[in-house]
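Report on one structure; see the data block that follows.
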Amino acid sequence: MTAWVLITGGSRGIGAATALRCAAAGWDVAINYAQDSAAAQALAGRVHALGRRALALQADVSDEGQVARMFERLDAEGGRLAGLVNNAGVVAPAARLETMSPARWRRLFDVNVIGTLLCCQHAARRMSTAHGGTGGAIVNLSSRAAEYGSAGIYVDYAATKGAVDTLTKGLARELITEGIRVNGVRPGIIETDIHATSGVDPAGAAATLPIQRLGRAEEVAEAIAWLLSDAASYTVGALLDVAGGR
Ligand code: NAP
C-alpha cells in the first residue's frame with residue numbers, strides 16, 4: 001500500500017500544486033483546508049484522476065482539537081502517514097508596526113507557528129520509530145521574508161517565518177535519529193491568492209528580482225516534492241530558497 005502525505009492549506013496556491021505534484025510522484029494525498037470545501041473537493045477529484053487516494057480534511061491548523069481530529073480521520077482511512085507539508089499560512093494587510101494590533105500578531109503566530117508545531121507533533125507521533133512508526137519526511141513552508149524581514153509591509157509575518165526556520169533546524173536534529181527528515185522551503189514572491197490579503201500587488205516587485213519575474217506555485221511544489229522523496233535522503237534541516245535569486 002502506498003503512503004499518505006498530508007498537505008496543510010492544500011486547497012489553493014502552493015499547497016494545491018504540491019498535492020498534484022505529490023500525486024504524480026505516487027503519494028496518496030490528504031488535502032487540509034480551512035474554509036473552501038469546494039476547492040479542496042475539486043482538487044481531491046484531480047488527485048483521484050491521477051490514480052491516487054485523496055482525502056479533503058477541514059481543520060483550522062491553529063486549533064488543537066481540530067488538528068487532533070484531522071489526524072484521527074486520516075488514521076481511520078488506513079495506510080501509513082509518511083509525509084507532512086506544513087503549508088497553511090496567512091499574511092495580514094501591509095502595515096507598520098505602530099499600527100498593528102496584538103490580535104493580528106496572535107492570529108499570525110497561531111496559524112503559521114502553532115499550526116506548524118501542532119501538525120509536526122501529531123505527525124511525529126505517527127512516523128517516529130520511537131513510537132512504533134517507520135519514519136517519514138516533513139517539509140515546513142517558510143519564506144525568504146524570514147531573512148529580509150519585510151520592513152514596512154509585515155514584520156510580524158516575517159517573524160513567524162523566522163520561528164518556522166528555527167523550528168525546522170531544531171526538529172530536524174531531534175527527529176532524524178527516529179527516521180524523520182525535517183526540512184524547510186523558503187519561497188520568494190509566488191503568484192497566488194495570498195497577496196490579496198496584504199494589499200500589495202506582487203506584479204510591481206517582479207522587476208526588482210534577480211530573475212525578473214514572479215515564481216509559480218508549481219516551481220515551489222517541485223522543491224517540496226524533492227525534499228519529501230528518498231532522493232533527498234541525506235538532506236536534513238535544510239532551508240531551500242526557491243526565490244529566483246532574491
Ligand atoms: P494561499 O494561496 O493564500 O493559500 C493558503 C492555503 O492555506 C489555503 O488552502 C487555505 O485554505 C489554507 N489556510 C489558511 N489558513 C488556514 C488555517 N488556519 N488552517 C488550515 N488551512 C488554512 O497561500 P500560498 O501563497 O499558496 O502560501 C502557502 C505557504 O507559502 C504559506 O505558508 C505562505 O506563508 C508561504 N509563502 C508564500 C509566498 C507567496 O508569495 N505566495 C511566499 C513565501 C512564503 P482555504 O482556502 O480553505 O482558506
Side-chain angles (χ1 to χ4, degrees), residues 6-21 29-44 56-67 69-71 84-92 94 106-119 139-150 153-154 156-165 167-168 184-206 209 211 213-221 223-224 239-244 246:
L6 169 61
I7 302 168
T8 69
S11 57
R12 294 189 274 124
I14 293 168
T18 303
L20 294 172
R21 180 64 184 78
V29 185
I31 302 158
N32 159 257
Y33 65 98
Q35 291 169 7
D36 193 346
S37 169
Q41 295 294 349
L43 185 65
L57 295 169
Q58 194 283 328
D60 179 338
V61 294
S62 70
D63 183 298
E64 203 176 327
Q66 291 185 33
V67 171
R69 284 191 290 281
M70 171 173 72
F71 276 86
L84 168 68
V85 181
N86 282 303
N87 168 79
V90 288
V91 297
R106 291 200 176 92
R107 185 64 190 154
L108 287 174
F109 274 84
D110 277 352
V111 176
N112 298 358
V113 183
I114 303 292
T116 300
L117 283 163
L118 284 170
C119 291
V139 178
N140 294 329
L141 265 291
S142 171
S143 170
R144 281 293 293 151
E147 207 161 293
Y148 65 78
S150 300
I153 305 174
Y154 34 53
D156 46 0
Y157 166 80
T160 68
K161 295 302 189 179
V164 169
D165 281 359
L167 169 66
T168 298
V185 168
R186 303 198 297 189
I189 307 176
I190 312 300
E191 285 183 273
T192 71
D193 298 341
I194 203 168
H195 306 289
T197 308
S198 71
V200 179
D201 180 1
L209 303 175
I211 200 169
R213 66 169 176 83
L214 304 182
R216 295 188 301 275
E218 291 75 18
E219 294 175 303
V220 183
I224 296 168
L239 302 176
L240 180 50
D241 292 347
V242 183
R246 187 177 213 201

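As the structure is a computational prediction, the values presented were derived from the model and not from experiment. One-based numbering, in listed order, for ligands and for the atoms of each.
At the top of the distance list for atom 40 (O) of ligand 1, counting protein heavy atoms only, stands I190 N, 2.8 Å. With hydrogens left out, the protein atom closest to atom 33 (C) of ligand 1 is Y157 OH, 3.6 Å, a heavy atom. Of all protein heavy atoms, the one lying nearest to atom 7 (O) of ligand 1 is G9 CA, 3.3 Å. Closest to atom 30 (O) of ligand 1 among all protein heavy atoms lies I14 CD1, 3.6 Å. Of the protein's non-hydrogen atoms, the one nearest atom 18 (N) of ligand 1 is D60 OD1, 2.9 Å. At the shortest separation from atom 47 (O) of ligand 1 among protein heavy atoms lies Q35 N, 2.6 Å.
Taking every heavy atom of N32 and a limit of under 4.0 angstrom, the matching atoms of ligand 1 come to 20 (C), 21 (N). Each of the atoms 31 (C), 32 (O) of ligand 1 lies under 4.0 Å from some heavy atom of G89. The contact set between ligand 1 and I189, taken as ligand atoms under 4.0 Å from a residue heavy atom, comprises 40 (O). Near H195, with a cut-off below 4.0 Å to any heavy atom, the atoms of ligand 1 are 39 (C), 40 (O), 41 (N). Numbered from 1 in the order shown, with element, the atoms of ligand 1 that lie under 4.0 Å from a heavy atom of D193 read 2 (O).
Using modelled atom types, no side-chain atom of D60 and backbone atom of A34 make a donor-acceptor pair closer than 3.5 Å. Judged by distance alone, the side chain of K161 and the main-chain N or O of L141 form a donor-acceptor pair under 3.5 Å.
The closest side-chain heavy-atom distance from L118 to I114 is below 4.5 Å. Here the side chains of E219 and P187 are not in contact, with every heavy-atom distance at 4.5 Å or above. Using a 4.5 Å heavy-atom threshold, the side chains of S198 and Y157 count as separate. No side-chain heavy atom of V113 sits less than 4.5 Å from a side-chain heavy atom of L167.
The nearest non-hydrogen atom to atom 31 (C) of ligand 1, considering only N87, L141, V61, comes from N87. When A217, A34, A243 are ranked by how near their heavy atoms come to atom 13 (N) of ligand 1, first place goes to A34. Summarising the contacts of atom 42 (C) of ligand 1 with G188, G115, S143, the nearest heavy atom is found in G188. Of the candidates A38, S11, S142, S198, it is S142 that places a heavy atom closest to atom 35 (C) of ligand 1. Ranked by closest heavy atom to atom 20 (C) of ligand 1, the top entry among A40, G13, A59, A17 is A59.
I190 and A217 get closest at one heavy-atom pair: CG2-N, 3.5 Å. Heavy atoms only, all atoms of each residue included: C119 and N86 are closest at CB-OD1, 3.2 Å. In this structure, V164 and S142 approach most closely via the heavy-atom pair CG1-CB, 4.1 Å. Between A40 and I31 the shortest heavy-atom distance is O-CD1, 4.1 Å.
Only the side chain of R107 comes within contact range of ligand 1, with a heavy atom under 4.0 Å; no backbone atom does. When non-hydrogen atoms are compared, ligand 1 lies under 4.0 Å from the side chain of T192 (C-beta onward) but not from its backbone. With a 4.0 Å cut-off on non-hydrogen atoms, V90 touches ligand 1 through its side chain and not its backbone. Contacts of E191 with ligand 1, taken as heavy-atom pairs under 4.0 Å, are absent altogether. No part of T8 comes within 4.0 Å of ligand 1, judged by heavy-atom distances.
Summarising the geometry, atom CG belonging to L239 is positioned 10.0 Å from atom CZ belonging to R144; distances are rounded to the nearest 0.5 Å. A distance of 11.5 Å separates CG in N112 from CG in L117, rounded to the nearest 0.5 Å.
Tested against Q58 for a side-chain contact (heavy atoms from CB on, under 4.5 Å), the candidates Q66, M70, R69 yield a single pass: Q66. A side-chain contact (heavy atoms from CB on, under 4.5 Å) with R186 is found for one member of N140, D165, T168, L240 and no other, namely D165.
Residue R186 places no heavy atom under 4.0 Å from ligand 1. Within the structure, the closest approach of Q58 to ligand 1 does not fall below 4.0 Å when heavy atoms are considered.
For a threshold of 3.5 Å applied to N or O pairs, the pair formed by R12 and ligand 1 contains at least one separation below that value. Remark: ligand 1 and Y33 share no N or O pair separated by less than 3.5 Å (distance only, no angle test). For a threshold of 3.5 Å applied to N or O pairs, the pair formed by V111 and ligand 1 contains no separation below that value.
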Please tabulate, one pair per line, all N/O donor-acceptor pairs under 3.5 Å involving side-chain atoms of residues 6-21, not counting sequence neighbours.
unit_1, atom_1, unit_2, atom_2, d
T8, OG1, V85, O, 3.4
T8, OG1, N87, N, 2.8
T8, OG1, A88, N, 2.9
R12, NH1, D193, OD2, 3.4
T18, OG1, I14, O, 2.7
R21, NE, E222, OE1, 3.1
R21, NE, E222, OE2, 3.0
R21, NH2, E222, OE2, 2.9

